[in-house]
Enquirer: 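Have a look at the structure that comes next, please.
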Number of protein chains: 2
Amino acid sequence: MDVNEGKRKTPLGRRVTVKEVAAELGISPSTVSNAYNRPDQLSADLRERVFETAHKLGYTGPDPFGRGLRQRRANVVGVLFRDRLSYAFADPAAVLFLEGVSEAVEEAGLGLLLLPGGSLGGRDTEAIRAAAVDGVLIHSMAADDPLVSAAIERRLPAVVVDQPPIGTVPSVGIDDEGAARVAAEHLLELGHRRLGVVSFRLALETRSGMVEPQRRGAATLRPSGARLRGVAKAVSAAGISWDDVPVYECAVSSPAEGKTAAEALLSRDPRPTAILALSDQMAFGVLEAATQIGLSVPDDLSVVGFDDVPEAARSAPPLTTLHQPHVEKGLQAGRKLVAQLREEDPDGQEELFLLTRLVVRGSTAQAPS
Amino acid sequence: MDVNEGKRKTPLGRRVTVKEVAAELGISPSTVSNAYNRPDQLSADLRERVFETAHKLGYTGPDPFGRGLRQRRANVVGVLFRDRLSYAFADPAAVLFLEGVSEAVEEAGLGLLLLPGGSLGGRDTEAIRAAAVDGVLIHSMAADDPLVSAAIERRLPAVVVDQPPIGTVPSVGIDDEGAARVAAEHLLELGHRRLGVVSFRLALETRSGMVEPQRRGAATLRPSGARLRGVAKAVSAAGISWDDVPVYECAVSSPAEGKTAAEALLSRDPRPTAILALSDQMAFGVLEAATQIGLSVPDDLSVVGFDDVPEAARSAPPLTTLHQPHVEKGLQAGRKLVAQLREEDPDGQEELFLLTRLVVRGSTAQAPS
DNA sequence: GATTTAGTCTGTAACGTTACAGTAAGTTAT
DNA sequence: ATAACTTACTGTAACGTTACAGACTAAATC
C-alpha cells in the first residue's frame with residue numbers, strides 16, 4: 001500500500017543539513033544557505049570553504065522540500081492530461097505539444113511534472129491535489145471534468161489548452177470549427193458528395209461506434225465538437241444534409257481505431273468516396289483499411305487528416321491534412337503560464353488562437369465520376 | 001531573473017492551514033490531517049465535518065511542501081535526459097520509453113518529473129540537485145556525464161538505462177552489440193559487400209561527419225559504441241575490413257541528419273549497396289535521400305533501421321529494422337525503481353537485458369549483381 | 001469487578017530551509 | 001572628523017505538515 005515500508009535512513013545514518021555544515025565552520029546557517037543561493041552575499045573565499053566542508057560532510061545542497069516549504073515555490077510546472085499518461089505518449093499530437101511546453105519551461109529554468117488524469121474511468125484527483133507545482137497546464141480536458149475543478153480550486157496559476165477559458169484562466173487553441181470546415185471544403189471542392197467522418201472522443205466518457213445525429217451537438221470536448229460543427233456547416237453549405245453524413249467516434253485516436261472506423265464507414269452502401277479523419281493517427285488507419293479492402297488512395301478514396309504530424313509527409317501516399325502548430329501551441333501555453341508565475345498579474349480572460357492551414361499532399365483527388 | 005518578483009499572496013490573503021480548520025472545529029490539527037490521510041483514525045461523521053469546514057474556509061488539502069518536508073517523500077520519480085527535453089520529445093524511441101515509464105509510475109500512483117540535461121553545451125546540474133523526487137531514472141547518458149555524478153551524489157534510488165550499472169545502481173538495456181551484429185549479418189547474408197553505417201552520437205560532445213577508424217572504439221555512449229562493435233565483428237567475420245566501412249556520425253537522431261549522412265555515404269565511390277542506420281529516424285532520412293538521388297529501395301539500395309518504431313511499418317517501403325522493446329524498457333526500468341523505493345533494499349548491481357529481434361520488411365533485398 | 005481491547009482523538013516536536021532585520025567593521029564622501 | 005555608504009556576516013522565526021506517544025471512553029472478556 002504505502003510506498004515506504006522499510007527503514008528510511010540514509011546509508012550514512014542521518015541526513016546532513018545546513019546547520020551541521022555551519023557548525024563545522026563556526027558560521028551561521030544563513031551563510032551556508034547564501035553560499036548556494038546568493039553568492040554575492042559572502043566572500044568568494046568563504047564560499048569556497050563552505051563547498052569544501054559541505055562535500056566533506058556529504059551535504060549535497062539545499063533539500064528541495066525544506067526549500068520549497070520556505071520559498072513557497074517548486075520551480076516546476078505541471079501538465080494535466082485527460083487520460084493515462086501512457087495514452088498521451090502514444091499520441092504524436094500530444095507529444096508535439098509537450099515538445100513545445102518543454103521548450104518554454106526550459107527557457108524559464110523550470111521542471112516539467114506530468115500528471116495523469118487517472119485511469120480512464122476513475123478520475124483520481126489525488127495526484128493533482130498533492131502535486132508540488134507552481135502552476136498547471138490543462139490539456140484538452142472536458143469542460144465538466146472533476147480534475148479541472150480540482151486544479152482550479154487550488155487557485156494555482158493555470159492555462160487551459162484546446163478548450164474555452166474558465167473563469168480568469170486564459171486559454172490557447174486553434175479555431176477548430178473553421179479549420180475543420182476548410183478541410184471539408186477541400187473535399188467538397190474536389191467534387192466529393194458522399195463523405196464519411198472519423199472523429200475521436202466527443203465527451204468525457206469513452207465509447208466507440210457510429211454517432212447518431214442528435215449526439216453530435218452535445219460534445220463536451222471542445223475540439224471534436226467544434227470540428228464536427230465545422231464539417232456540418234461545410235456540407236450544409238454544399239447542399240448536403242449533415243444528418244446523412246456518417247460519423248464514427250473512436251475511443252482513442254490511434255491507427256487501429258481509425259482502421260476499424262474506416263471499415264465501418266466503407267462497408268456502407270453507398271460507399272463514401274472521401275473520408276475526413278479528425279486526427280492523422282486515425283487517418284493512417286483509414287489508409288491501411290483502404291489498402292486492405294483493395295481501394296486505391298486517392299483514386300478510389302480520398303483521405304484527409306488533421307494535425308499534420310511529421311509522419312504525414314512520409315506515409316504512403318503522403319497525407320493531405322490540416323496543419324496545426326502543435327509545438328507552437330505548447331510553447332505559447334507554456335510561456336503564458338510562465339508569465340503568470342513571474343508577474344502574478346494574470347492577463348486573464350485572454351484566449352489565444354493559433355493559425356492553421358490545409359496541406360494538400362497525395363491522399364486526395366477529384367471524386368471518381 | 002527570479003521567477004517571483006511580485007507579491008506572493010493568495011487572492012484571499014493568507015493561506016489556510018490545518019491549524020485553522022482545526023481551530024474552527026475545536027479539534028486537533030492532527031485530526032484534520034488524519035481526515036485526509038488516515039480515514040480509519042477518526043469517525044466517518046467527524047471526517048465529513050472536517051471536509052465541510054475545510055471547504056468553507058477554502059482549505060484545499062495538505063500543502064505539498066509541508067507534507068513533503070515532514071514525510072521526506074515526494075511521490076514523484078524523475079527522468080533525467082541527456083539533452084534538452086524538446087529533443088527527447090522529438091525522438092520516437094525516447095517517447096516510447098517514456099510511455100513505458102509512465103505506465104510503471106502510474107501503477108505505483110506516482111508523478112513523473114522530467115529533468116533536462118541542460119542546453120547541449122552547458123551541463124546544468126542545478127535542476128537535478130534541486131528536484132523534489134524520490135528516485136531517478138537516468139536515460140542514455142554518457143558514463144562521464146557530470147549530470148550522472150550529480151544524481152548519484154544525492155544518493156537517491158536510481159536506475160540507469162542503456163548504459164552499464166554504476167556502483168550499486170542497477171541498469172536496464174539491450175545487448176546492443178549482439179543486436180547490431182544481427183542487423184549487419186542480415187545485409188551480409190543478402191550478399192552486400194559494400195556497407196555504409198549511419199550512427200548517432202558517440203560521445204558527450206556534439207559533432208557530425210565521417211568517423212575515422214581510430215575514433216570508433218572510443219565511444220563513451222554505450223549504445224552507439226556497442227553497436228558499432230557489433231557491426232565491426234559481423235563485417236570482419238565476413239572477411240571485410242572494418243576500417244574500409246564508412247561510418248557517418250549524426251549529432252542528433254533525426255530524419256534530416258540521416259538524410260545528410262546518406263548523401264555523404266552515397267556520394268562515395270564505390271557507392272555502398274546497403275546502409276545500416278542505428279535508428280529508424282535516421283533510416284527514414286536515408287530512404288528520403290535515396291529517393292531523391294533516384295535510387296530505388298530495395299533494388300538499388302538496401303536500408304536497415306534500428307528501433308522498430310511504429311512508423312517503420314508504414315513507411316515507403318516498410319522498413320527492415322531491429323526491433324527493440326522500448327515501452328518494455330521504460331516499464332521495467334520504472335518498476336525496478338519503484339521496487340527500490342518500496343523496499344529500500346536495492347537488488348543492486350543487477351543488469352537487466354531485454355530481447356531484440358530483426359524484423360524483415362520491404363527495405364532490404366539481395367545485393368545487385 | 002477487574003482487566004483487556006478497540007476506537008477516537010490530542011499535543012508536541014521535529015522535518016530543513018531561507019526571509020528578514022540587524023550588527024560590526026571598513027571605505028568613501030563631505 | 002563626521003556622516004553616509006558598502007561589504008560580510010548573524011540569529012531567529014516562520015513555512016505547513018504529520019509521526020509518535022499517549023489519553024480517555026466505551027465495549028468486550030475473564
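The structure displayed is predicted, hence computed values, not measured ones.
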Enquirer: May I ask you to decide if Leu85(B)'s main-chain N or O and Glu106(A)'s side chain share a donor-acceptor pair within less than 3.5 Å?
Expert: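 Answer holds: yes.
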Enquirer: Please enumerate all residues that pass salt bridge (Lys or Arg N to Asp or Glu O under 4.0 Å) together with Arg49(B), with sequence neighbours excluded.
Expert: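 Testing Arg49(B) for salt bridge (Lys or Arg N to Asp or Glu O under 4.0 Å), a comparison that skips the adjacent residues, returns Asp45(B).
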Enquirer: In B/S/- notation, 5' to 3', how is nucleotides 9-22 of chain D contacted by protein heavy atoms closer than 4.0 Å?
Expert: BBBBBBBBBBB---
Enquirer: Does Leu110(A) offer a backbone N or O that forms a donor-acceptor pair with the side chain of Asn75(A) under 3.5 Å?
Expert: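 Judged by distance alone, no pair lies under 3.5 Å.
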Enquirer: Between Glu351(B) (side chain) and Pro164(B) (backbone), is there a donor-acceptor pair under 3.5 Å?
Expert: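 No: the side chain of Glu351(B) does not pair with the backbone of Pro164(B).
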Enquirer: Look for any protein N or O under 3.5 Å of an N or O in nucleotides 24-28 of chain C and output each such pair with its distance, or none.
Expert:
none

Enquirer: Is any side-chain heavy atom of Phe81(B) closer than 4.5 Å to a side-chain heavy atom of Leu98(B)?
Expert: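 When only atoms from C-beta onward are counted, Leu98(B) and Phe81(B) do touch, with a gap below 4.5 Å.
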Enquirer: Find the distance between CG (Leu115(A)) and CG (Leu112(B)) and round it off to the nearest 0.5 Å.
Expert: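 Leu115(A) atom CG to Leu112(B) atom CG measures 9.5 Å (nearest 0.5 Å).
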Enquirer: Listed by chain and number, what are the ring-ring contact (aromatic ring centres under 6.0 Å, His included) partners of Tyr36(B), not counting sequence neighbours?
Expert: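 Tyr36(B) satisfies ring-ring contact (aromatic ring centres under 6.0 Å, His included) with Phe51(B), Tyr59(B) only.
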Enquirer: Between the main-chain N or O of Pro29(B) and the side-chain N or O of Ser33(B), is there a donor-acceptor pair closer than 3.5 Å?
Expert: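 Not a single qualifying donor-acceptor pair exists.
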Enquirer: Using rotation axes that map the C1' atoms of four end pairs onto the next four (five pairs an end), what angle separates the end axes of the helix from dG1(C)-dC30(D) to dT30(C)-dA1(D), to 10°?
Expert: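 Roughly 30°, once rounded to the nearest ten degrees.
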Enquirer: Output all residues satisfying salt bridge (Lys or Arg N to Asp or Glu O under 4.0 Å) with Arg70(A), sequence neighbours left out; order by chain, then residue number.
Expert: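 Here no residue qualifies.
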Enquirer: Counting N and O atoms only, with roles assigned by atom type, does the side chain of Arg82(A) sit under 3.5 Å from a partner on the main chain of Asp145(A), one being a donor and the other an acceptor?
Expert: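 Absent.
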